[in-house]
Amino acid sequence: MASLNLKLKKKDYGAEPDKKKLVFAGIRHQLLLLLRRRHRLFPLVSAASGCLLLLLFSFSFPSPPPLIHRNNQVAVEPNPDPTTPFRVPENGGRSDRQLWSSRLSNLYYACSNATNTFQVADQTRQTDRYILIATSGGLNQQRTGIIDSVVAAYILNATLVVPKLDQKSYWKDTSNFEEIFDVDWFISHLSKDVRIIKELPKEEQSRVVGLQSVRVPRKCTPSCYLQRVLPILNKKHVVQLSKFDYRLSNRLDTELQKLRCRVNYHAVRYTESINKMGQLLVHRMRSKAKHFVALHLRFEPDMLAFSGCYYGGGQKEILELGAMRRRWKTLHAANPEKIRRHGRCPLTPEEIGLMLRGLGFGRDVHLYVASGEVYGGEQTLAPLRALFPNLHTKETLTSKKELAPFANFSSRMAALDFIVCDESDAFVTNNNGNMARILAGRRRYLGHKVTIRPNAKKLYKLFTNRHNMTWDDFSSKVRRYQTGFMGEPDEMKPGEGEFHENPASCICRTSEARVKEKAKHVKEDEHDLSEYSDIDNVPIASRTYLDHSEVDEEIFSD
């Protein structure tokens, strides 16, 4: 029997022989043999066996090298063949959505003004009862306490003393309220809602001596405050609430929720010096490109230690992060694989870069990275920088002299990042921490600006198996998995998630929006009933996120 003589030259991984031609040539050769000897059974078996062997042979060549090489660099190809194994393109490729705006966002508007049923401060406030607040955690965690302290004072019919910031937290920032926030604006803007003063009157300060702090339960309801705090307030006239973060229920009546929004989105604003520097950073980003992406990259050592995740750093990483983790005595032993499988681990810089490229963001995009010290330093950032070389930070956009008034104060530096992220055209986060949640809610309130929250549970499987698929398959799945995680209206149902993340009570629809949403429901139901839930057209992916992304309420991170 004639033999098939195939001469293959050794080439680089990227240039493989044409497998289809080899297979078809082998099949054709065996069929010719079969036709010549069709009266015998053996050639039939031989032909079938030969075809099978050729098929196996055609797929036995070495696979291309993995995406991540030993030097931790990402292989980026300028013009990849979509039929070849995984290669990351330089450009974003096709995208099924607008990258820089949210669809239907113009059909929704902020609506946090009080109605006629809301009792204003001068009608209800008693001037002989005072609430002192001690916030807790990093800047954005403390912000939640500031917001909710106003509502608590309203519930208790008391005067609020400007909250004290936490100066003993992990960051050891000595800044007080007036050095971070515009205190005069805070007091005046809320004057119709709650009476707020900078400090206790002198005649009341003697009551503070020996005053015992009260810590209300997390997510305390209005009735909880009336039962636990009001009796003490009536007796002593002054009550100090300690460790005040997330101490108010997510579910309040609409008027109280709107008060929350008035505090968060209108009354709490940064000092003139912080705001001026933040706007300078935004201006310098805009001078580089019409649009830019801001990434809140929580990949600091303390964040990774708290998460309990493992990122392949060997014994060194285990020992370093393990020692940090022991600082929080309430944290139980972690199962890193289980945590990652459930989508609770912060994405790595590389994974964030791959997700963005899969969504359609190309190499030319300018990326602002809001971050503290990145664990692993430049080596950890290298894959992200390879995908997005136009990478900027506070430090690269300013001189040391310009940044000097803020550099030694973690809260002020965090405030600068907050401003840039808030003003960005697309905001991305790799976690569900305090800053990410507050910004997600703020961007919803201010027009549903693009806000990308990774669907970490599904993306984990995709990142793990990426070398077994083409780039087109990978990017298609990224876009599908991220449906419901892009900051679009109605991604989350009212009442789901933290209120600071989903201020549904303060966002109203236009009449046109209701008509379009109804038509959209019908069209999408006809298109694919399996992709959507039966309530408010919330994609199933969104429900998955909500079910598996609840963060321990004691989390300190911003």
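Thr451 and Arg443 are linked by a side-chain donor-acceptor pair at a separation below 3.5 angstrom, with hydrogens and angles left out of the test. A donor-acceptor pair shorter than 3.5 Å can be found between the side chains of Tyr375 and Glu320. Residues Tyr310 and Asn335 bring no donor and acceptor atom of their side chains to less than 3.5 Å of each other. Side-chain contact annotation: Ser213 with Gln240, donor-acceptor N/O pair under 3.5 Å present. A donor-acceptor contact under 3.5 angstrom links the side chains of Asp473 and Thr470, judged on distance only.
Checked by atom type and distance alone, the side chain of Arg247 pairs as donor or acceptor with a backbone atom of Val216 at under 3.5 Å. Although no hydrogens or angles enter the test, the distance criterion places a donor-acceptor pair under 3.5 Å between the side chain of Thr135 and the main chain of Lys164. Although no hydrogens or angles enter the test, the distance criterion places a donor-acceptor pair under 3.5 Å between the side chain of Asn465 and the main chain of Lys461. A donor-acceptor contact shorter than 3.5 Å links the side chain of Arg325 to the backbone of Phe306. Between the side chain of Asp302 and the backbone N or O of Met324 there is no donor-acceptor pair closer than 3.5 Å. Here the side chain of Gln142 pairs no donor or acceptor atom with the backbone of Ser136 at under 3.5 angstrom.
Residue pairs meeting the ring pair (Phe, Tyr, Trp, His ring centres under 6.0 Å) criterion with at least one member in residues 379-413, sequence neighbours excluded: His366-His392.
Closest non-hydrogen pair, Gly308 versus Pro336, comes out as O-CG, 3.6 Å. The two residues Ala294 and Val420 come nearest to each other via the heavy atoms CB-O, 4.4 Å. Residue Ser175 comes nearest to Asp173 through the heavy atom pair OG-OD1, 2.6 Å, listed as atom of the first residue, atom of the second, then distance. Between Pro454 and Ile352, the shortest heavy-atom contact is CG-CD1, 4.3 Å. Between Gly433 and Asn431, the shortest heavy-atom contact is N-OD1, 2.5 Å. The shortest non-hydrogen separation linking Ala436 to Thr429 is CB-OG1, 3.4 Å.
Relative ring orientation between His448 and Tyr108 is described as perpendicular, the plane-to-plane angle rising above 60° on a 0-90° scale split at 30° and 60°. The aromatic rings of Phe86 and His467 lie perpendicular to each other, with more than 60° between the two planes, well past the 30° mark. In this pair, His296 and Phe427 present their aromatic rings parallel. The plane angle is below 30°, not in the 30 to 60° band. Note: Tyr445 and Tyr265 have parallel aromatic rings, judged against thresholds of 30 and 60 degrees for the angle between ring planes.
Taking the charged nitrogens against the carboxylate oxygens, Lys400 and Glu395 have no contact shorter than 4.0 Å, which rules out a salt bridge. Taking 4.0 Å as the cut-off between side-chain N and carboxylate O, Lys198 and Asp184 count as a salt-bridged pair. A salt bridge does not link Glu351 with Arg466: every distance from a Lys NZ or Arg NE/NH1/NH2 to an Asp or Glu carboxylate oxygen is 4.0 Å or more. Salt bridge present: Arg453 and Glu491 bring a charged side-chain N and a carboxylate O closer than 4.0 Å.
A distance of 6.0 Å or more separates the ring centres of Tyr368 and Phe292. Taking the six-membered ring for Trp, Trp185 and Tyr270 have ring centres at least 6.0 Å apart. Between Tyr311 and Phe299, the ring center distance clears the sub-6.0 Å criterion.
Contact of the Tyr460 side chain with the Asn455 side chain is not registered, since no non-hydrogen atoms from C-beta on lie closer than 4.5 Å. Between Leu241 and Ser149 there is no side-chain heavy-atom pair separated by less than 4.5 Å. By the 4.5 Å heavy-atom criterion applied to side chains, Ile419 and Leu281 are not counted as neighbours. Side-chain contact check for Asn390 versus Leu367: every heavy-atom pair is 4.5 Å or farther apart. Lys457 is not listed as a side-chain neighbour of Arg340, based on a closest heavy-atom distance of 4.5 Å or more. With contacts defined as side-chain heavy-atom distances shorter than 4.5 Å, the pair Met435/Gln141 does not qualify. At least one side-chain heavy atom of Val268 sits under 4.5 Å from a side-chain heavy atom of Phe181. Between Ile147 and His500, the closest side-chain pair of non-hydrogen atoms falls below 4.5 Å.
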(request) Take Arg442 and Asp422 through the test salt bridge (Lys or Arg N to Asp or Glu O under 4.0 Å) and record every step on the way to the result. (result) CA-CA 8 Å; Arg442 183 177 178 85; Asp422 187 32; 2.7 Å; yes
(message) For Glu498 and Ile438: C-alpha separation, side-chain torsions, deciding distance, then whether side-chain contact (heavy atoms from CB on, under 4.5 Å) applies.
(response) CA-CA 9 Å; Glu498 293 288 347; Ile438 289 177; over 6 Å; no
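Asp166 CG to Lys243 NZ: the interatomic distance, rounded to the nearest 0.5 Å, is 8.0 Å.
Between Asp148 and the options Arg260, Arg143, Arg218, a salt bridge (Lys or Arg N to Asp or Glu O under 4.0 Å) holds for only Arg260.
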